[in-house]
Engineer: 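Just dropping this structure here.
What you are looking at is a predicted structure, and each value in this text was computed from that prediction instead of being measured. If you read the sequence from its start, that first residue is 1, and numbering goes on from there.
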Amino acid sequence: MADKKEENCISPAAADALIAAHDGDTALLALYLARHPGADDETAAAVLCRTRAEIANAREKLGRILRAEKPARTDKPFYPTDEPVEYPVKDIVRTFEGDNAFQPIMDELTRILGTTPSRAYLNTLVDIYDHLGMPPEVIMVLLNYCSDEIRRRFGSERRPSARQISEEAYAWANREILTLEQADEYIAASAKRREDKSRIAALMGIRGRELSRTESKYLESWIEMGFDDEAIAAAFDRTLTNTGALKWPYLNGILKNWHAKGLHDAAAIEASEGKRQTSAGRTDPKKEDEDEDIGTKIEQYWGDKA
């Protein structure tokens with residue numbers, strides 16, 4: 001019995017994809033590479049009586065088909081490693097020479113950086129392209145998104161680091177952003193979320209600086225809870241009145257208390273709590289005691305962890 005090399009076999013899924021592609025050159029190249037793995041374009045073109053351009057185009061299509069055949073993700077998310085992935089030089093070279101779809105990604109990163117990418121950037125690109133299986137057109141959108149975010153936050157002279165690109169790529173992979181449409185939706189949602197946070201921060205007197213990671217998480221959680229601007233402003237005002245400062249845990253405690261009661265807009269909060277007055281027009285001491293008790297408990301628990 002002839003030896004059977006598993007790596008040279010075409011799986012049923014790949015065969016179905018090749019048939020569905022209706023491309024004879026791609027199918028022919030797949031058969032040739034199954035018998036001669038690692039053959040370059042020039043050799044394949046000569047043997048198969050095709051031009052190098054036709055072989056290059058067929059190889060790019062074949063690469064997309066085989067990447068789509070990768071096993072489906074499990075529930076375990078992707079995590080970037082603590083240190084940049086160090087791909088062997090031969091693997092990087094093979095990616096450059098063996099897949100014509102990779103060169104435009106390199107060209108785009110070179111344009112963004114304004115210089116030839118370093119080894120760290122090459123490692124990152126190969127990792128995103130090979131390990132995460134992100135399509136070339138989505139990678140280029142990712143690179144520009146990273147560039148825009150870094151320039152917005154730190155100035156027009158800054159460029160994204162290899163690590164920043166890697167972290168963003170893994171975040172996209174965990175959200176299963178693998179098409180241009182999904183990438184556009186994510187970028188639009190990110191822009192809206194940034195605008196919402198900036199507007200709410202301005203209500204609290206925070207202007208002209210980037211929010212810290214902790215501050216940003218607080219604002220995002222309030223937005224996700226469904227609070228409108230007026231409700232957050234009311235909680236902020238109550239925080240200042242009761243503590244004399246912007247204490248984030250205290251403010252968050254008030255909003256979480258309202259959220260538990262299903263109160264997310266200023267009108268509903270006012271209707272539920274009244275105007276802190278009795279029907280006779282006097283302040284309701286019971287309501288004041290309740291708020292004071294909530295504030296005291298929050299302060300005792302969190303201290304000054306603003």
Engineer: In the single-linkage hydrophobic clustering (I, L, V, M, F, W, Y; side-chain heavy atoms under 4.5 Å), do Tyr186 and Leu180 co-cluster?
Structural biologist: yes
Engineer: Give the minimum heavy-atom separation between Leu251 and Ile232, together with the two atoms involved.
Structural biologist: CD1-O, 4.4 Å
Engineer: Side chains of Phe102 and Leu125, heavy atoms from C-beta outward: is any pair under 4.5 Å?
Structural biologist: yes
Engineer: When you check the gap from the basic side-chain N to the acidic O, do Lys192 and Asp196 get nearer than 4.0 Å?
Structural biologist: yes
Engineer: So how far is it from Ser166 OG to Asn123 CG, rounded to the nearest 0.5 Å?
Structural biologist: 10.0 Å
Engineer: On a heavy-atom basis, which atom in Ala44 and which in Leu29 lie closest, and how many Å separate them?
Structural biologist: CB-CD1, 4.1 Å
Engineer: Would you indicate whether the side-chain heavy atoms of Thr110 and Pro117 approach each other to under 4.5 Å?
Structural biologist: yes
Engineer: Can you tell if the side chain of Leu178 reaches within under 4.5 Å of the side chain of Leu132, non-hydrogen atoms only?
Structural biologist: no
Engineer: Hey, does Arg175 have a side-chain heavy atom less than 4.5 Å from the side chain of Gln182?
Structural biologist: no
Engineer: List the atom of Ala201, the atom of Leu211, and the distance in Å for their closest heavy-atom pair.
Structural biologist: CB-CD2, 4.0 Å
Engineer: Please list, chain by chain and in numerical order, all residues satisfying side-chain hydrogen bond (donor to acceptor under 3.5 Å, both in side chains) with Lys256, sequence neighbours excluded.
Structural biologist: none
Engineer: Determine, step by step, whether Asp127 and Tyr170 satisfy the side chain to side chain contact (heavy atoms under 4.5 Å, CB included) criterion, reporting the C-alpha distance in whole Å, the side-chain angles of both residues, the deciding distance to 0.1 Å, and the verdict.
Structural biologist: CA-CA 10 Å; Asp127 189 47; Tyr170 275 82; 2.7 Å; yes
Engineer: Would you mind listing every salt bridge (Lys or Arg N to Asp or Glu O under 4.0 Å) that reaches into residues 221-233, with sequence neighbours excluded?
Structural biologist: Arg199-Asp229
Engineer: Taking all non-hydrogen atoms of both residues into account, name the closest pair between Ala245 and Thr239 and its distance.
Structural biologist: O-CG2, 3.6 Å
Engineer: Tell me if the CZ atom of Arg213 is crowded by more than 12 foreign heavy atoms within 6.0 Å.
Structural biologist: no
Engineer: When you compare the side chain of Pro136 with that of Tyr129, does any pair of heavy atoms fall below 4.5 Å?
Structural biologist: yes
Engineer: Can you tell if the side chain of Asp25 reaches within under 4.5 Å of the side chain of Ile55, non-hydrogen atoms only?
Structural biologist: no
Engineer: Minimum heavy-atom separation for Asn252 and Ser221, please, with both atom names.
Structural biologist: OD1-OG, 4.2 Å
Engineer: For ring pair (Phe, Tyr, Trp, His ring centres under 6.0 Å), just list the numbers for Trp222 and Phe227, CA-CA rounded to whole Å, side-chain angles, deciding distance to a tenth of an Å, and then say yes or no.
Structural biologist: CA-CA 6 Å; Trp222 303 339; Phe227 287 106; 8.0 Å; no
Engineer: Output the distance between atom CD1 (Ile112) and atom CG (Leu143), rounded to the nearest 0.5 Å.
Structural biologist: 5.0 Å
Engineer: Do Lys197 and Glu210 meet the salt-bridge criterion of a basic N to acidic O distance under 4.0 Å?
Structural biologist: no
Engineer: Salt-bridge test for Arg111 and Glu108: reply yes if a basic N is under 4.0 Å from a carboxylate O, no otherwise.
Structural biologist: yes
Engineer: List in chain and number order the residues that pass side-chain hydrogen bond (donor to acceptor under 3.5 Å, both in side chains) with Arg159, two or more places apart in sequence or in another chain; answer none if no residue qualifies.
Structural biologist: none
Engineer: To the nearest 0.5 angstrom, please state how far the CD1 atom of Ile128 sits from the CD1 atom of Ile105.
Structural biologist: 8.5 Å
Engineer: Distance from Glu167 atom CD to Trp172 atom CH2, nearest 0.5 Å?
Structural biologist: 15.0 Å
Engineer: Under the ring-ring contact (aromatic ring centres under 6.0 Å, His included) rule, collect the residues that match up with Tyr121, sequence neighbours excluded.
Structural biologist: none
Engineer: With distance as the sole criterion, is a donor-acceptor pair present between the side chains of Gln164 and Ser161 under 3.5 Å?
Structural biologist: yes
Engineer: My understanding is that only residues two or more places apart in sequence, or in another chain, count here; which of them pass ring-ring contact (aromatic ring centres under 6.0 Å, His included) with His259?
Structural biologist: His264
Engineer: So if you build clusters from Ile, Leu, Val, Met, Phe, Trp, Tyr with side-chain heavy-atom gaps below 4.5 Å, do Val138 and Val126 land together?
Structural biologist: yes
Engineer: Any chance you could lay out the side chain to side chain contact (heavy atoms under 4.5 Å, CB included) test for Leu246 and Ile206, step after step, and finish with the verdict?
Structural biologist: CA-CA 11 Å; Leu246 171 53; Ile206 302 175; 4.3 Å; yes
Engineer: Arg194 and Glu149: side chain to side chain contact (heavy atoms under 4.5 Å, CB included), yes or no, with the steps?
Structural biologist: CA-CA 11 Å; Arg194 182 171 62 250; Glu149 283 294 293; 3.1 Å; yes
Engineer: Report the distance from atom CH2 of Trp258 to atom CZ of Arg238, rounding to the nearest 0.5 Å.
Structural biologist: 4.5 Å
Engineer: How many angstroms lie between atom CZ of Arg152 and atom OG of Ser147, to the nearest 0.5 angstrom?
Structural biologist: 12.0 Å
Engineer: Apply side-chain hydrogen bond (donor to acceptor under 3.5 Å, both in side chains) to Thr115 and list each qualifying residue two or more places apart in sequence or on a separate chain.
Structural biologist: none
Engineer: Do Leu109 and Ile139 pass the side chain to side chain contact (heavy atoms under 4.5 Å, CB included) test, and can you show the C-alpha distance, the side-chain angles, and the key distance before you say yes or no?
Structural biologist: CA-CA 10 Å; Leu109 182 58; Ile139 296 177; over 6 Å; no
Engineer: Answer yes or no: is there a side-chain heavy-atom contact under 4.5 Å between Trp248 and Leu219?
Structural biologist: yes
Engineer: Quick check: closest heavy atoms across Ile269 and Leu263, and the distance to 0.1 Å?
Structural biologist: CG1-CB, 3.8 Å
Engineer: Counting N and O atoms only, with roles assigned by atom type, does the side chain of Glu168 sit under 3.5 Å from a partner on the main chain of Ile165, one being a donor and the other an acceptor?
Structural biologist: no
Engineer: Quick check on the hydrophobic clustering: are Leu113 and Tyr145 connected, directly or via other members, by side-chain heavy-atom contacts under 4.5 Å?
Structural biologist: yes
Engineer: Got Glu215 and Glu220 here, is their nearest side-chain heavy-atom distance under 4.5 Å?
Structural biologist: no
